[in-house]
Amino acid sequence: MKDSFYIGYLPKAPRDLAKVMAVISAFLLTTTIAVSFLLVKSQDAFYPSRFEFGNTRTYEGWYQSHPVPSLIVVGPGLSGLAVNYLLVAEGKHGAEEQLTGLKEGPVRLEGTLIQRDQMRMLEVVSGSVEEGSDAARFHGVESVPLGSVTLRGEIVDSKCFLGVMNPGDKTVHRACATLCIRGDIPPMLVLKNPDQTFEYLLLRGAHGERINQAVLPYVARPVVVEGDLYRHGSWLEVRADPKTIKILR
């Protein structure tokens, strides 16, 4: 091939040069396909969460404002247990402003389901909330104290993590999670168990108050949280002074 010389405007390259280029092209194509396959296989599988985007349904239950806006539902298919649907607004906004002035009691609303494992959330359609009926089927849930705890996990925004984004955690999601929590989406502490299952805990202040702005420096980082654990129906809450939260190095 050393005597071969190709001029760019000629219709064909010399045969020896063409063979070499064909081998190089085939090698590069095969390598690209193999590397792409290995990169895809090395990625963690997405967790099976759901966001029924574009599919709204009517929900009836008991509206409860504390510790975060939620809809308590007891009915067929739920084994008689109270199931909490956390309520958020559309976009990166919590539902508290939209539900200002709404009294606790039976309500009917339109919402889009967000779900991860047994944690359920509804993105409430603006202007759809109205007084409900058949109040005997519904009731609020009491806060049950479970004692003091020290927990290691990650602080995430509950809306994205439960299904709107996948993945909705770790460094790759920090910027989005910060915007959501700043917009009053309830922050959540996520714990990973040795068997690869997860625990999800709403994160509030030491007295049950909202601490969204105070936890922003800790979002999407491994942290240690010391506080008091409570159960509210189907979900858990940890109350902690944000000043005591520590980032794990």
Side-chain angles (χ1 to χ4, degrees), residues 49-78 81-143 156-166 168 173 175-188 200-205 208-213 215-216 219 232-235 237:
S49 57
R50 60 195 291 206
F51 174 39
E52 297 184 349
F53 180 75
N55 181 22
T56 60
R57 304 179 188 179
T58 300
Y59 294 84
E60 279 195 273
W62 186 277
Y63 169 65
Q64 189 161 318
S65 61
H66 185 78
V68 295
S70 58
L71 187 71
I72 317 300
V73 177
V74 178
L78 299 177
L81 298 176
V83 175
N84 303 59
Y85 289 84
L86 306 180
L87 301 180
V88 294
E90 297 169 340
K92 298 180 180 296
H93 302 285
E96 288 166 320
E97 182 176 344
Q98 180 177 331
L99 301 175
T100 298
L102 181 64
K103 295 181 179 180
E104 294 193 353
V107 299
R108 181 188 300 110
L109 56 82
E110 298 289 325
T112 302
L113 179 65
I114 303 165
Q115 183 173 356
R116 178 171 175 143
D117 292 333
Q118 299 306 309
M119 289 293 294
R120 296 176 175 90
M121 174 181 281
L122 294 176
E123 183 183 77
V124 180
V125 176
S126 180
S128 70
V129 182
E130 58 185 29
E131 185 177 345
S133 59
D134 192 14
R137 288 179 53 204
F138 313 122
H139 55 81
V141 294
E142 297 294 330
S143 298
V156 302
D157 77 276
S158 54
K159 184 175 183 179
C160 285
F161 185 80
L162 292 182
V164 171
M165 298 289 285
N166 202 343
H173 191 70
C176 182
T178 299
L179 289 175
C180 287
I181 292 175
R182 184 177 284 124
D184 285 338
I185 300 294
M188 179 178 285
Y200 314 107
L201 302 93
L202 289 175
L203 181 59
R204 305 290 284 183
E209 72 277 14
R210 189 169 41 177
I211 54 172
N212 289 48
Q213 304 304 313
V215 301
L216 292 179
V219 172
H232 303 277
S234 60
W235 44 264
E237 171 201 14

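Every residue two or more places apart in sequence or in another chain that forms a side chain to side chain contact (heavy atoms under 4.5 Å, CB included) with S128 is listed here: L109, E110, V124, V125. Legend: residues meeting side-chain hydrogen bond (donor to acceptor under 3.5 Å, both in side chains) with Q213, ordered by chain and number and at least two apart, are absent. In this structure E131 satisfies the side-chain hydrogen bond (donor to acceptor under 3.5 Å, both in side chains) test with no other residue, sequence neighbours excluded. Qualifying side-chain hydrogen bond (donor to acceptor under 3.5 Å, both in side chains) partners for N84, counting only residues two or more places apart in sequence or in other chains: S234. Listed by chain and number, the residues in a side-chain hydrogen bond (donor to acceptor under 3.5 Å, both in side chains) with H232 are S143, E237 (sequence neighbours excluded). Residues satisfying the side chain to side chain contact (heavy atoms under 4.5 Å, CB included) test with E209, not counting sequence neighbours, are H207, I211. Take M119 and apply the side chain to side chain contact (heavy atoms under 4.5 Å, CB included) test, not counting sequence neighbours, and it matches L86, L162, M188, Y200, W235. For T112, the side chain to side chain contact (heavy atoms under 4.5 Å, CB included) criterion is met by F51, E52, T56, E123, not counting sequence neighbours.
Of all heavy-atom pairs between E60 and V73, the closest is O-CG2, 3.5 Å. Residue C160 comes nearest to H173 through the heavy atom pair CB-NE2, 3.3 Å, listed as atom of the first residue, atom of the second, then distance.
The CG atom of L71 sits 10.0 Å away from atom OH of Y63, with the distance rounded to the nearest 0.5 Å. Here the straight-line distance linking atom CD of Q115 with atom CE of M121 works out to 12.0 Å at 0.5 Å rounding. The CD1 atom of I114 sits 8.5 Å away from the OG atom of S158 when rounded to the nearest 0.5 Å. Note that OG1 of T58 is 8.5 Å distant from CD of E130, once rounded to the nearest 0.5 Å. A distance of 12.0 Å separates CG of D157 from CG of D184, quoted to the nearest 0.5 Å. For the atom pair CH2 of W62 and OG of S70, the computed distance is 12.0 Å after rounding to the nearest 0.5 Å.
Remark: the backbone N or O of I181 is paired with a side-chain donor or acceptor of N212 at under 3.5 angstrom.
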Open item on the list: Between E104 and S65, is the side-chain hydrogen bond (donor to acceptor under 3.5 Å, both in side chains) condition met? List the steps.
Closed with: CA-CA 7 Å; E104 294 193 353; S65 61; 2.8 Å; yes

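Cation-pi contact between R116 and F161: present, with separation from the ring centre below 6.0 Å and deviation from the ring axis of at most 45°.
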Enumerate, atom names and distances included, each donor-acceptor pair closer than 3.5 Å involving a side-chain atom of residues 88-99, sequence neighbours excluded.
from	atom 1	to	atom 2	distance (Å)
E96	OE1	R210	NH1	2.5

